[in-house]
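The first residue in the sequence is number 1, and the count goes up from there. Just follow the structure's listing: the first ligand is 1, and inside any ligand the first atom is 1.
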Amino acid sequence: MEQKSAPVGVFDSGVGGLTVAREIMRQIPNEKIIYFGDTARVPYGSKSQETVTRFSKQIVRFLQTFQVKTIVVACNTASAYALDELEKESEIPIIGVVKPGARVAAEVTRNGRIGVIATEATIGSQIYSQYIKELNRDVTIYGKACPLFVPLVEEGLWQDPVTDEIARRYLTELIDIDIDTLILGCTHYPLIRSTLGRIMGGDVTLVNPAYETARELKELLEEKGLLNEEPPKLGENQYQFYVSDGAEKFKRFANSIIKYGILSAKTINIEEY
Ligand code: DGL
């Protein structure tokens, strides 16, 4: 396969990475995507670094069977815990979602008070603070783990009084300390963006790292001469989705999030990789 026309691999623990895949589809519409959602082993956010790294390595090996030209780790937890290890072992470029999100937040804050909501793992790793501080030492970062958001999103409770109530409990302390920027530091969270925005109020800028990640991917492909200039051929299966469990449920989700034709999903045994 010619390198330019090779697909991009994208992965997450479940449906969250679809928010990143959707952005890649919008910004670089010629690219083919192989998406893997680890639906059998979600959530990653409460697991150890060792486990998340092992899972991530298996997924990278699976994606490489498609001769992908690059991989996007569309999961903050895997980006925080495993990206360095994955980069060490890979001959193709691998990008995560944390750096792009940190960059935007450092740029848009006006009062220097940035909140990060994410999984326990991402918050515990302090990775957002580390990257943001490298860009601007004068900001203060407040991290808040929101472990219940991932199951609520995976259950499809995007607009629901239960999600509202839980979001209020998690976010009150960030409202009280007057942050002006909130990073949605888990790729599942943009799916409850309207709830989060309503609770935080109009003065707080919500940063969704998906947009910046797609932009970074585009720049990387351009720089390496790997951007696909050819539009997909008629009848070509441009987007392929694989999961480790529950393909039907995932397919329904994917079709409600991504409006680019009817998508189907296949279950594979990721433990074989
Ligand atoms: N969507 C993922 C993230 O960005 C992982 C959520 C989880 O599996 O806990 O962190």
Side-chain angles (χ1 to χ4, degrees), residues 9-24 35-60 71-84 86 94-102 104-105 115-129 131 143-158 163 166-167 170 182-193 196 206-214 216-217 241 243-246 249-250 253-254 257-258 270:
V10 178
F11 79 88
D12 179 43
S13 58
V15 298
L18 292 170
T19 61
V20 179
R22 174 173 65 182
E23 214 35 69
I24 297 172
Y35 182 97
F36 179 78
D38 201 357
T39 45
R41 305 188 291 195
V42 66
Y44 281 9
S46 51
K47 297 194 169 71
S48 68
Q49 178 158 18
E50 197 188 349
T51 301
V52 172
T53 305
R54 184 170 69 81
F55 291 172
S56 302
K57 283 183 177 174
Q58 287 178 322
I59 298 167
V60 165
I71 291 176
V72 179
V73 184
C75 173
N76 288 264
T77 307
S79 299
Y81 270 174
L83 189 61
D84 291 347
L86 298 177
I94 303 195
I95 64 170
V97 283
V98 175
K99 259 192 194 156
V104 191
V116 183
I117 51 170
T119 63
E120 285 167 296
T122 304
I123 296 299
S125 75
Q126 304 257 357
I127 189 138
Y128 271 103
S129 302
Y131 285 147
K144 175 76 187 164
C146 303
L148 291 172
F149 283 164
V150 169
L152 288 168
V153 167
E154 292 275 334
E155 281 308 312
L157 300 172
W158 303 350
T163 309
I166 289 168
Y170 281 147
L182 179 67
I183 303 177
L184 309 186
C186 170
T187 52
H188 282 67
Y189 299 175
L191 297 169
I192 51 167
R193 187 189 178 116
L196 302 175
L206 301 188
V207 172
N208 173 4
Y211 179 84
E212 284 304 308
T213 303
E216 192 168 292
L217 172 67
F241 296 84
V243 289
S244 44
D245 202 5
K249 184 176 172 198
F250 180 89
F253 260 100
I257 296 167
I258 294 171
I270 194 67

**Report entry** Heavy-atom closest pair, residues Glu154 and Val15
**Finding:** OE2-N, 3.1 Å
Requested in this report: Kindly say whether the aromatic ring centers of Tyr35 and Phe250 come within a distance under 6.0 Å.
Outcome: yes
**Report entry** Verdict with reasoning, Asp12 to His188, per side chain to side chain contact (heavy atoms under 4.5 Å, CB included)
**Finding:** CA-CA 9 Å; Asp12 179 43; His188 282 67; 3.3 Å; yes
Requested in this report: State the OG1-NZ distance between Thr213 and Lys99, to the nearest 0.5 angstrom.
Outcome: 12.0 Å
Query - Tyr81-Tyr44 aromatic ring centre distance below 6.0 Å - result: no
Query raised in the report: Any chance the side chains of Asp245 and Thr39 put a donor and an acceptor closer than 3.5 Å?
Result: no
Query raised in the report: For ligand 1, what is the set of protein residues having any non-hydrogen atom at a distance below 4.0 Å?
Result: Asp12, Ser13, Val42, Pro43, Tyr44, Gly45, Cys75, Asn76, Thr77, Thr119, Val150, Cys186, Thr187, His188
